[in-house]
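Working notes for the structure below.
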Amino acid sequence: MATIVQCNCGAEYRRTEEKFLVPHTGDAICTVCGAALESWLEATHVPTYELIERPDRGQPGGMTGHP
């Protein structure tokens with residue numbers, strides 16, 4: 001089952017879990033802003049995050065479209 005998770009920066013991820021026989025330790029980091037989405041220690045149900053939508057930041061600051 002997938003869950004939609006949104007980072008504080010507005011990026012949206014599809015979170016699923018994979019089951020392992022051996023415990024895993026790790027973390028998931030937002031690929032847009034670098035914030036920690038989740039951390040786990042010695043877990044057999046390990047989350048995976050798939051970026052599904054980048055935040056809409058509009059026009060880059062200071063860009064007017066003129067060379």
Inset, instruction - Enter the distance from N8:CG to C30:SG here, rounded to the nearest 0.5 Å. - result: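 SG of C30 is found 9.0 Å from CG of N8.
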Legend entry - Distance (rounded to the nearest 0.5 Å) between E38 CD and D27 CG: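 Rounded to the nearest 0.5 Å, the CD-CG separation comes to 9.5 Å.
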Legend entry - Residue from R15, R14, K19 passing salt bridge (charged side-chain N to carboxylate O under 4.0 Å, His left out) with E17: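 Going through R15, R14, K19 one by one, the salt bridge (charged side-chain N to carboxylate O under 4.0 Å, His left out) with E17 is satisfied by R15 alone.
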Could you report the tightest heavy-atom contact between [X] and [Y], atom names first, then the distance?
X: V32; Y: Y13; answer: N-OH, 4.0 Å
X: A35; Y: C7; answer: CB-SG, 4.1 Å
X: L51; Y: E12; answer: CD1-O, 3.5 Å
X: E42; Y: T25; answer: N-OG1, 3.0 Å
X: G34; Y: I29; answer: O-CG2, 3.4 Å

Inset, instruction - State yes or no: do Y49 and I52 share one hydrophobic cluster built from I, L, V, M, F, W and Y residues joined by side-chain heavy-atom distances below 4.5 Å, directly or via other members? - result: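 The answer is no; the residues belong to distinct hydrophobic clusters.
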Inset, instruction - Taking H45 for its side chain and A43 for its backbone only, find out whether a donor-acceptor pair lies under 3.5 Å. - result: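 Checking the backbone N and O of A43 against the side chain of H45, no donor-acceptor pair under 3.5 Å is found.
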